[in-house]
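Worksheet for the structure shown next.
Scope of the values below: all heavy atoms of this structure, side chains included, with no hydrogens, waters or symmetry mates. Counting begins at 1 with the first residue of the sequence. Counting starts at 1 for both ligands and their atoms, in listed order.
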Amino acid sequence: MRQPPLINSKKTTPKLVCNAVWKIFGDFSKAAQVFDTQYWPPTQNELDKFNLIGAVQQASLEIYDGEIFVIMGLSGSGKSTLVRCMSRLIEPTRGEILFNGQDLLKKSNKEMIEIRRHKMGMVFQHFALLPHLSVLGNVAFPLEVQGISRQQREARAMEVIELVGLKGRENYLPRELSGGQQQRVGIARSLAVEPELWFLDEPFSALDPLIRREMQDEFLRLQNLLRKTIVFITHDFDEAIRLADRIAIMKDGHIVQIGTPEDIVLRPATDYVSEFTRDVSRAKVLHVSSIMQPAPKRTPKGGYGGTILQSAKINAIAAQLKSASKPFAVIDEDENIVGKITRDDIIDVLFEG
Ligand SMILES: Nc1ncnc2c1ncn2[C@@H]1O[C@H](COP(=O)(O)OP(=O)(O)O)[C@@H](O)[C@H]1O
Ligand SMILES: [Mg+2]
């Protein structure tokens, strides 16, 4: 079972911070002075008046070491623009981006290229594999760019090819692979440099639902091994709640809510967010800890039917409690009893109480 990363904003420096980031498309330079002196931060009306597009507006977030941070929003809500601002593939118009506490906007272009090459990995929905290079050549390519020797880069490439389940196909050309396999090559290629920060922009959106699901499982398996810090973009709310430690929901350039899947489903901040959460099965997102009852002082008369972890999701333990006549003890990771839960508690959630 996946353990949530430790998130403690007071003790850990976030891996990445966005502070009031803006990206305005259109001819902003002409209007910049007026905006900075009179209209900052601008309203949608003010942007419209000058024919400007506020693709990202006042976006602030913190991403912590080892978490999967999902940015979810409909098409056009500003997800790709925001994620590109994080690596300065797109220059933010205003705001601050901190990577390991360092201000990225103060880095020269040359420094940014080095940071991207060595510390960041990127996977896009439609990224081009090099068609004339084999799987091995494609995966080793970013290492070649780094100037790593052939022997070393191919050894490393073989490791990641095996990691993503493509061992045996290292000499295939991209066109000899299925869509899902090509996406695995892209994933392997982005992992070859061992990025500190891994960006994936709708990596599975073009795949068929069954393959997409398989890739999501595969992605979670990889993350369990690698513990990367990940920014994952999707327009699919189900994908978001399956993968995310935390989700930021975007609408019209704004971040409207940031929270764990459970937070968002239980406490949607706006009607817009409620629309997404309405059809989500609560059993998929709720943990035992959010529906358990307080632990009784003494063990119940008939004893417990068994124990379950407080961090388990309801859908994962439903079968176990389906025919239980006794309550189960809820335990924490150190096996202390922290609550109890009954079959009826589970049924309430399953039938959306
Ligand atoms: N290079 C650009 N020039 C002008 N407008 C752009 C550009 N790139 C994106 N936009 C606009 O910015 C908004 C956000 O786009 P994008 O970040 O691609 O959204 P998403 O990834 O959520 O689909 C959209 O309205 C889009 O049309
Ligand atoms: Mg996009």
Quiz item: Side chains of D65 and T229: do they bring a donor and an acceptor to under 3.5 Å?
Solution: yes
Quiz item: Going by distance alone, is a donor N or O of one side chain under 3.5 Å from an acceptor N or O of the other, for S60 and N19?
Solution: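 The criterion, which ignores hydrogens and geometry beyond distance, is not satisfied for N19 and S60.
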Quiz item: Short list, please: which atoms of ligand 1 are under 4.0 Å from a heavy atom of L74?
Solution: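 Near L74, the atoms of ligand 1 are 22 (O).
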Quiz prompt | Carboxylate-amine/guanidinium proximity below 4.0 Å for E114 and K110 | solution = no
Quiz item: Going by an N to O cut-off under 4.0 Å, is there a salt bridge joining R278 and E275?
Solution: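 Yes, R278 and E275 are salt-bridged.
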What protein heavy atom sits nearest [atom], and how far away is it?
atom	answer
atom 12 (O) of ligand 1	A55 CB, 3.3 Å
atom 18 (O) of ligand 1	S80 CB, 3.9 Å
atom 14 (C) of ligand 1	G76 O, 3.4 Å
atom 19 (O) of ligand 1	G78 N, 3.2 Å
atom 6 (C) of ligand 1	F25 CD1, 3.3 Å

Quiz item: Counting only non-hydrogen atoms of the protein, does one fall under 4.0 Å from atom 16 (P) of ligand 1?
Solution: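 Protein heavy atom within 4.0 Å of atom 16 (P) of ligand 1: present.
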Exercise. Return yes when at least one protein heavy atom is under 4.0 Å from atom 26 (C) of ligand 1, and no when none is.
Key: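 No; the ligand atom in question lacks any protein heavy-atom contact below 4.0 Å.
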Self-check item: Option among K15, R227, R116 that satisfies the salt bridge (charged side-chain N to carboxylate O under 4.0 Å, His left out) test with E196
Solution: K15
Self-check item: Flag if over 12 foreign heavy atoms under 6.0 Å of NZ, K107
Solution: yes
Quiz item: Should the heavy atoms of other residues, nucleotides or ligands under 6.0 Å from CD of E335 be counted, would the total exceed 12?
Solution: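 No, CD of E335 has 12 or fewer neighbouring heavy atoms, counting only those of other groups under 6.0 Å.
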Quiz item: Does ligand 1 have an atom under 4.0 Å from some heavy atom of G73?
Solution: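 It does not; every heavy atom stays at 4.0 Å or beyond.
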Self-check item: Presence of N, O or S from S80 under 2.8 Å of the Mg ion (ligand 2)
Solution: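 Coordinating: yes.
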